[in-house]
Amino acid sequence: MKLATWNVNSLTVRLSQVEEWIKKAKPDLLLLQETKQENIKFPHEAINALGYKSIHNGQKTYNGVAIISKYELLDIQNNIPGFEDGQKRMIAATVNTNHGKIRIVCVYVPNGQSVDSDKYFYKLDWLKHFTLWLKNEMLSHPDIIIAGDFNIAPQDIDCHDPEAWKNNVLVSKREREAFQKIIDLGFSDSFRAMNPSEIQYSWWDYRMAGFRRNLGMRIDHILTNKNLINKVTMSAIDKEPRKSERPSDHTPVIIEI
DNA sequence: ATGGCGTGGTAGCCACGA
């Protein structure tokens with residue numbers, strides 16, 4: 001089973017690239033973030049034409065998450081239950097794979113802007129409520145994969161310049177602690193588990209020739225619970241889409257189970 | 001390094017991303 005996550009920074013702009021990538025990579029599941037479109041605009045027909053089913057939790061201009069799947073998508077959940085939030089940042093569904101039933105959770109964690117902004121506290125609050133919901137979700141779903149744009153670089157090796165970024169948003173202590181709380185529920189950062197000392201990034205700033213100079217961060221992650229991490233055969237970051245014309249600033253992260 | 005780019009909404013350049 002092959003699963004990927006990709007923040008596309010507008011599905012309206014990136015649809016043709018997503019179609020091309022699906023044809024080439026042939027994932028069983030592809031989780032998208034920042035679709036930036038209302039549900040009515042989501043291209044279900046184009047996705048169906050490739051042999052996939054799709055669900056979308058979107059809104060105009062900002063945010064928006066989707067799951068594209070070879071499998072039937074069951075027991076769909078939009079947003080974090082009990083958390084009042086106008087921003088569409090989470091969608092979950094259950095799939096029946098050759099490795100059994102798996103709960104698939106697609107997240108677009110708030111960016112946080114800067115550590116002294118209201119958006120930073122919204123980010124921490126969002127993560128707190130997400131973690132609480134997840135803990136409860138684990139009671140009824142033995143196997144869970146959480147994938148998406150976490151907007152957190154878990155360790156210094158996930159940041160191109162830890163000194164310059166020290167105490168900044170994406171790397172700050174409180175964000176890393178919030179990420180660790182999810183891990184502590186019984187999850188593994190699959191890319192890091194499979195590649196313990198590999199320096200690779202999933203996002204590069206559009207400005208300052210960030211990609212060419214490899215000034216990146218590893219902020220897009222696929223977390224699996226302990227049972228599944230033992231079955232993961234590979235995890236990789238596909239830099240190819242970031243090289244294309246008019247790319248997203250993020251690139252896909254992949255696992256095979 | 002506090003800008004530079006990119007996207008979307010709106011009709012002014014502004015909000016937001018990371």
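So you know, we letter chains A, B, ... as the sequences are listed, proteins then strands, and number each from 1. Just so it is clear, the model here is predicted, and its values are computed rather than measured.
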Is the shortest side-chain N/O distance from [X] to OP1 or OP2 of [N] below 4.0 Å?
X        : N      : value
A:Asn151 : B:dA18 : yes
A:Arg14  : B:dG6  : no
A:His250 : B:dA18 : yes
A:Asn7   : B:dG17 : no

How long is the line joining [atom1] of [X] and [atom2] of [N], in whole Å?
X        : N      : atom1 : atom2 : result
A:Tyr206 : B:dT2  : OH    : P     : 22 Å
A:Asp249 : B:dG4  : CG    : P     : 15 Å
A:Trp203 : B:dA18 : CH2   : P     : 8 Å
A:Phe211 : B:dG6  : CZ    : C1'   : 16 Å
A:Leu215 : B:dG4  : CG    : P     : 16 Å
A:Leu15  : B:dT7  : CG    : P     : 14 Å
A:Gln37  : B:dG9  : CD    : C1'   : 15 Å
A:Lys88  : B:dG8  : NZ    : P     : 19 Å

Who else is in the cluster with [X] when I, L, V, M, F, W and Y are joined by side-chain contacts under 4.5 Å?
X        : result
A:Leu132 : none
A:Met208 : A:Leu215
A:Phe121 : A:Val115, A:Tyr120, A:Leu124, A:Trp165, A:Val169, A:Leu170, A:Val171, A:Trp203, A:Met217, A:Ile219

Distance-only polar pair, side chains of [X] and [Y], donor-acceptor under 3.5 Å:
X        : Y        : answer
A:Asp143 : A:Asn225 : yes
A:Gln17  : A:Ser244 : yes
A:Lys36  : A:Asn9   : yes
A:Glu175 : A:Ser172 : yes
A:Asp249 : A:Trp204 : no

Pairwise [atom1] distance for [N] and [M], with rounding to whole Å:
N      : M      : atom1 : answer
B:dG12 : B:dT2  : C1'   : 24 Å
B:dC16 : B:dT10 : P     : 14 Å
B:dA18 : B:dC5  : C1'   : 12 Å

Residues pairing under side chain to side chain donor-acceptor pair (under 3.5 Å) where one sits in residues 86-95 of chain A, two or more places apart or in two chains, turn out to be A:Asn63-A:Arg89, A:Gln87-A:Arg89, A:Gln87-A:Tyr122, A:Arg89-A:Tyr122, A:Thr94-A:Arg103

Look at all strands and tell whether [X] reaches a base, only sugar-phosphate, or nothing, counting heavy atoms closer than 4.0 Å.
X        : result
A:Tyr108 : sugar-phosphate
A:Trp165 : base
A:Asn168 : base

For A:Thr12 and A:Val169, find the nucleotide of DNA chain B closest to each by heavy atoms; which residue's nucleotide sits nearer the 5' end?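 The 5'-side residue here is A:Thr12.
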
Here's a test of your reading of the structure: between A:Ala164 and A:Arg89, which maps to the more 5' nucleotide of DNA chain B? A:Ala164

Of all the nucleotides listed (B:dT2, B:dT7, B:dA18), which has the minimum atom distance to the side chain of A:Arg246?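 Nearest to the side chain of A:Arg246 among the choices is B:dT7.
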
Check every atom of B:dA18, B:dT7, B:dG4 against the side chain of A:Lys36 and return the nucleotide holding the closest atom.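 Given the options B:dA18, B:dT7, B:dG4, the side chain of A:Lys36 is closest to B:dT7.
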
DNA chain B contacts among residues 55-67 of chain A, heavy-atom distance under 4.0 Å: A:Lys60, A:Thr61, A:Tyr62

A:Arg218 vs A:Asp189, test: salt bridge (charged side-chain N to carboxylate O under 4.0 Å, His left out). Steps then yes/no. CA-CA 11 Å; A:Arg218 194 176 68 89; A:Asp189 171 354; 2.8 Å; yes

How far does CZ of A:Phe179 sit from CG of A:Asp184, to the nearest 0.5 angstrom? 10.5 Å

If pairs are Watson-Crick or G-U with both distances under 3.5 Å, what is the dot-bracket string of DNA chain B, marking crossing pairs with [ ] and pairs to another strand with |? ....(((((...))))).

